[in-house]
Amino acid sequence: MKNIIKTDKAPAAIGPYSQAVEVNGMVYTSGVIPVNPATGAIPEGVEAQASQALGNLQALLEAAGTNMEQVVKTTVFIKEMDDFGKINEIYAGFFTEPFPARSCVEVARLPKDVLLEIEAVAVK
């Protein structure tokens with residue numbers, strides 16, 4: 001049985017998808033972008049956007065009954081691979097060792113023209 005996760009502490013879905021889905025003790029998030037869920041604002045700069053997106057991901061995982069320490073895999077989509085180092089610095093502040101597995105992909109464009117998007121798989 002799957003459980004749909006929804007919270008107003010992370011950006012609402014902007015299409016026909018769920019913020020996250022739990023199945024058999026695993027939580028799968030949709031891509032989370034750096035939108036302030038309270039105001040709809042998008043911060044300026046890649047560091048601020050990385051912090052907002054990861055904070056949103058953290059809130060979504062907590063709504064699902066898990067946390068960042070239980071993340072086993074992330075996928076990070078970034079607009080500019082040149083921002084990889086800056087994003088890594090912020091990312092490292094949200095995760096502790098042992099770090100989750102991760103893929104990072106440069107993409108041409110992201111929703112709302114943000115600079116990054118992140119999705120995760122976590123154990124509940």
Side-chain angles (χ1 to χ4, degrees):
M1 182 170 152
K2 66 182 178 179
N3 181 29
I4 304 303
I5 310 301
K6 185 176 181 183
T7 180
D8 60 0
K9 295 182 180 179
I14 55 175
Y17 59 90
S18 299
Q19 287 174 302
V21 177
E22 176 193 349
V23 178
N24 297 326
M26 299 297 292
V27 175
Y28 303 86
T29 75
S30 291
V32 179
I33 60 175
V35 173
N36 181 314
T39 66
I42 298 170
E44 292 291 322
V46 71
E47 292 99 333
Q49 286 196 21
S51 184
Q52 181 70 59
L54 286 158
N56 291 343
L57 177 64
Q58 186 173 36
L60 181 55
L61 291 169
E62 288 171 1
T66 189
N67 58 55
M68 299 294 263
E69 292 179 5
Q70 298 303 313
V71 173
V72 295
K73 172 73 167 77
T74 64
T75 304
V76 181
F77 304 94
I78 61 176
K79 188 166 181 187
E80 297 287 338
M81 194 56 76
D82 291 341
D83 290 333
F84 184 80
K86 293 175 186 176
I87 293 168
N88 260 349
E89 287 181 29
I90 304 301
Y91 184 96
F94 281 84
F95 293 100
T96 57
E97 291 191 47
F99 297 113
R102 181 180 76 182
S103 301
C104 183
V105 181
E106 182 181 59
V107 296
R109 193 167 181 203
L110 291 164
K112 297 187 179 271
D113 291 318
V114 298
L115 302 175
L116 76 151
E117 179 174 2
I118 184 168
E119 63 184 31
V121 177
V123 177
K124 177 129 185 221

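Please read these numbers as outputs of a predicted model, since none were measured by experiment.
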Peer 1: With sequence neighbours excluded, give me every side-chain hydrogen bond (donor to acceptor under 3.5 Å, both in side chains) pair touching residues 100-118.
Peer 2: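 Every side-chain hydrogen bond (donor to acceptor under 3.5 Å, both in side chains) pair that includes a residue of residues 100-118, provided the two are not neighbours, is K73-S103, N88-R102, R109-D113.
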
Peer 1: Distance from E119 atom CD to T74 atom OG1, nearest 0.5 Å?
Peer 2: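 Going from CD on E119 over to OG1 on T74, the span is 8.5 Å.
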
Peer 1: Taking ILVMFWY side chains as joined if any heavy atoms are under 4.5 angstrom apart, and letting links pass through other members, which residues group with I14?
Peer 2: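 Answer for I14: Y17.
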
Peer 1: Evaluate the side-chain proximity of I42 to V114: yes if any heavy-atom separation is below 4.5 Å, no if none is.
Peer 2: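 Yes, at least one pair of side-chain atoms sits under 4.5 Å.
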
Peer 1: What pairs with F77 under ring-ring contact (aromatic ring centres under 6.0 Å, His included), at least two apart in sequence or on another chain?
Peer 2: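 F77 satisfies ring-ring contact (aromatic ring centres under 6.0 Å, His included) with no other residue.
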
Peer 1: Looking at every heavy atom in both P34 and P43, which two are closest together, and how far apart are they?
Peer 2: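 In terms of heavy atoms, the two residues are closest at O-CD, 3.1 Å.
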
Peer 1: Would you list the pairs meeting salt bridge (charged side-chain N to carboxylate O under 4.0 Å, His left out) in which at least one residue belongs to residues 50-61, sequence neighbours left out?
Peer 2: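 Non-adjacent pairs meeting salt bridge (charged side-chain N to carboxylate O under 4.0 Å, His left out): zero.
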
Peer 1: In the hydrophobic clustering (ILVMFWY, side-chain contacts below 4.5 Å, transitive), which residues join L116, or is it alone?
Peer 2: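 In the cluster with L116 are I5, V27, V32, V46, L54, L57, L60, L61, M68, V71, V76, I78, M81, F84, I87, I90, Y91, F94, F95, F99, L115, I118.
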
Peer 1: If I take atom NZ from residue K9 and atom CD from residue Q19, how far apart are they, to the nearest 0.5 angstrom?
Peer 2: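 One finds 12.5 Å between NZ of K9 and CD of Q19.
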
Peer 1: What salt bridge (charged side-chain N to carboxylate O under 4.0 Å, His left out) pairs are there with at least one residue in residues 17-29, not counting sequence neighbours?
Peer 2: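 Sorted pair list: E22-K124.
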
Peer 1: Tell me the salt bridge (charged side-chain N to carboxylate O under 4.0 Å, His left out) pairs involving residues 49-72, sequence neighbours left out?
Peer 2: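 Matches after skipping sequence neighbours: none remain.
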
Peer 1: First locate atom CE of M26, then atom CG of N24, and finally report the distance between them rounded to the nearest 0.5 Å.
Peer 2: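 If we round to the nearest 0.5 Å, M26:CE and N24:CG are 9.5 Å apart.
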
Peer 1: For residues 28-53, pull every pair meeting side-chain hydrogen bond (donor to acceptor under 3.5 Å, both in side chains), keeping only residues two or more places apart or in separate chains.
Peer 2: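 Residue pairs passing side-chain hydrogen bond (donor to acceptor under 3.5 Å, both in side chains), neighbours aside: Q52-N56.
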
